[in-house]
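Quick notes on the structure that follows.
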Amino acid sequence: MFETLNLLILIAAGLVALSVFTSLVSFRVGAPLLLVFLLVGLAAGEDGPGGIAFSDTRAAYFIGSIALTFILFDSGFRTRLATFRLAAAPAVALATLGVVLTAGVVGAAAHYLFGWAWTDGLLLGAIVGSTDAAAVFFLLRVGGVNLREMISATLEVESGSNDPMAIFLTVTLIGMITAGSMEADAAAGAELILEFVRQMGLGLLGGLAGGYAIVQIVNRIKLEAALYPILVLALALVLMTVTTLVGGSGFLAVYVAGILCGNVRMRQQPSLKKFQGGTTWLSQIGMFVTLGLLASPSQFGDVALQGFGLAAVLIFLARPFAVWLCLMPFGFSRSEIAFVSWVGLRGAVSILLAILPLISGLPNAQEIFNVTFLIVLTSLVLQGWTIRPMARWLKLTVPARMGPVDRIELELPGGQDHELVGYTVHPASPVARGERIPRWARPVVILRDGRNIRLQKAGKPQPGDRLYILASPRQVPVLDTLFAAATQEENDPALFGDFDLDPETRLAELGALYGFHVNKADADLTLRAFMTRELGDDVEPTDRVAYGDIDLVVRAIDDDHVITAVGLAVEHVEPAEPTLPFFFSREDFSKVARRMAGRIRRNRARAKVMARRKSSYDRKDVSETSSEPASDDLQQPAGGEQAPARDTSTPAPAAGPAVRRPATASARQDDEEDEAPSERQREDRDDEPGDAPRLAAAGHDETR
């Protein structure tokens, strides 16, 4: 017995260590790290070199559920509330309607490819309907892809909140198949909607109440510092199970609780982040390796053709269609919709849900599991490997806001208003270049060459110095910018402009200095106010606003997306964006609608003018016709008397071209309105005239 236990411990520890070591290869070749973990499990399984026979589906689901709880709680814990508010509406649309649409399209394809019943096809669609939180969070936060915050926030919130919807659909469909109730009537639909509202509502309320309870417990009891992270994760597990037992969505509850806990002041918060980071990595490794062990690649050949076909349907049809319908009302551009569609990675959550049909003993359970595994592998290889080049091709990457910063945080005993942060002075940081440390930041210790230097004798900070500063938590981001290394693009004029300007400079002053015309309505606006008006809420460094022949460039912003530095480019540069023949945005439809409305107005005006002109000509013809009999009567009066001879003494007018003039005021009005269509045509042109500001932000939609 003890030998067996020792062997199990050896195998588990060896697989975890092997997964960690293979991460070095992953970073070098650019492979998705979670794909490497999954391949380690496949290699150790019964069909791989490891030869480990593992077929306990219940144990695999148990391990995956605990791991997913830790991953979702930590994901919410690291999501800023400002980020959540920024992308809440589009992310929720993707997490609900997007999952349903994706499941429907994939389910229909599975029904026709496999010849399954509609419920079985929809079950497979529900299983692969949600994106994987672990894969998306890793690629966005660790993968080194710097995106516009609106896009990254939408992807993060969607991946963290769409799992409950996929779980709800999967469990509901399994229950329908098991019970044999396939009727689709109004009563069944109403019951399904009520069940969805109940689960999501209880999950949301449970998350808010559970998050508040966790914060109060941690802040009110005194424990050993190392026990707080254990307590928080234990309470997260309790919250998930209790919410599930009362009929709510436990995974939604832990994600909401994580958001609440991460955005309030909690005791031992720095140590919580570090501990949860390690726990999340261990959870990802354990979940992916376990699911890899459960798979049998020798069975993939029977469903390989259909599996890869369904993967193509999911990646190139179902996901783009769902994302396009969900994001179009929110003003996303074509490039942004295309990128969000491409970052629809499937991962461990889909494989975890594919275990449920095996546990329930459904007829097509093994085929569903194998197809799901093939879809996940295809998604991680095809999409996960190409996210960075796709973002660059779509012109959606932005420079990093700051370079690397070497910072440690220390928790002060009982200190809720201040914390002690330590920085190593980087040679390329603003502090090393002579930038002054603010007065509200109080250095406590300065270490130079391993020795403690008195503050009075330290002088200016030197590269390599270690400074420990007492500051409030809200002031720490300001210190980060002072001690951070310079980014590679910081001094690139092509990105940030040729000159640095004060954001409080008025446009009139700038126009007088550089000799360009400023509209009267914009003269008193500051550069910050003008650029904020043009760019809206989604402001990122390197965004450009063209005014005449110059470009105003966003150099830096703060955490609230307020512009703190502006650059000036003396030559206007049009961003070269890829032209996509699909993913029509709201702006594209607005342009088409404006063109159609203009064409309709012009046709109506032309028809109105022609009708009035025809009416005028008809009246003139009638009057001329009625005057001709009268002249005949004068020439031949009644009674046969000879008409008097015409006086020919007055010379006749000279022959020449006839000039037709409007006989009436209505005719003159008709001729004037005849020119209206051309004027309206000029007004309906898409390009703005003259000095109107032009928006030139890469990947930016001016309607947002």
Side-chain angles (χ1 to χ4, degrees), residues 20 23 33 66-84 133-134 136-144 152-153 156-157 159-160 207 210-219 221 223-237 239-240 254-285 401-402 404-424 468-481 483-484 559:
V20 173
S23 66
L33 187 56
I66 295 178
L68 186 59
T69 300
F70 292 157
I71 293 171
L72 289 177
F73 184 81
D74 183 60
S75 300
F77 197 86
R78 297 176 187 273
T79 300
R80 295 188 302 114
L81 192 59
T83 300
F84 181 81
V136 172
F137 282 126
F138 170 77
L139 288 171
L140 294 181
R141 295 180 179 177
V142 187
S152 60
E156 287 186 15
V157 177
S159 62
Y212 178 79
I214 292 174
V215 172
Q216 295 301 316
I217 292 173
V218 170
N219 288 338
I221 64 174
L223 297 171
E224 180 69 22
L227 293 177
Y228 284 103
I230 300 174
L231 175 64
V232 170
L233 291 183
L235 292 176
L237 281 174
L239 174 62
M240 189 273 291
V254 294
Y255 180 69
V256 173
I259 294 177
L260 194 150
C261 294
N263 287 275
V264 299
R265 184 66 179 168
M266 285 181 65
R267 183 177 293 172
Q268 298 293 328
Q269 202 165 41
S271 60
L272 284 175
K273 290 182 180 179
K274 293 180 181 179
F275 185 86
Q276 289 175 187
T279 305
T280 299
W281 276 111
L282 181 62
S283 300
Q284 292 175 5
I285 294 173
R401 295 191 186 179
M402 68 175 67
V405 56
D406 184 7
R407 178 182 55 142
I408 61 172
E409 300 177 29
L410 301 176
E411 181 79 14
L412 296 178
Q416 297 295 317
D417 297 328
H418 288 79
E419 61 184 32
L420 193 63
V421 291
Y423 293 96
T424 298
Y468 290 88
I469 300 175
L470 190 66
S472 64
R474 60 184 177 85
Q475 295 168 335
V476 170
V478 179
L479 294 177
D480 288 345
T481 60
F483 287 92
D559 289 340

What's the shortest heavy-atom distance between Ala236 and Val254, and which atoms?
-> O-CG1, 3.4 Å
Checking Glu156 side chain against Phe84 main chain: does a donor-acceptor pair fall under 3.5 Å?
-> no
Nearest 0.5 Å, what's the CD-CG distance between Gln268 and Asn219?
-> 10.5 Å
Considering residues at least two apart in sequence or located in another chain, which fulfil the side-chain contact (heavy atoms from CB on, under 4.5 Å) criterion with Leu282?
-> Val16
Smallest separation among heavy atoms of Cys261 and Gly211, with atom names = SG-O, 3.7 Å
side-chain contact (heavy atoms from CB on, under 4.5 Å) assessment of Phe483 paired with Thr424 = CA-CA 7 Å; Phe483 287 92; Thr424 298; over 6 Å; no
From CD1 (Ile221) to OH (Tyr228), nearest 0.5 Å | 6.0 Å
Do Tyr255 and Thr79 come within less than 4.5 Å of each other through their side chains, counting heavy atoms only?
-> yes
Taking only residues two or more places apart in sequence or in another chain, which ones pass side-chain contact (heavy atoms from CB on, under 4.5 Å) with Val232?
-> Phe73, Ile214, Val218, Met266, Leu272, Gln276
Atom of Leu239, atom of Gly207 and distance for their closest heavy-atom approach | CD2-CA, 4.4 Å
Measure the CZ-CG distance between Phe77 and Leu260 for me, rounded to the nearest 0.5 Å.
-> 10.5 Å
When you measure from the side chain of Arg78 to the backbone N and O of Gly262, does any donor-acceptor pair fall under 3.5 Å?
-> no
For Thr279, the side-chain contact (heavy atoms from CB on, under 4.5 Å) test, sequence neighbours excluded, returns Phe70, Leu233, Phe275, Ser283
Please name all residues satisfying side chain to side chain donor-acceptor pair (under 3.5 Å) with Thr280, sequence neighbours left out, ordered by chain then number.
-> Asp74
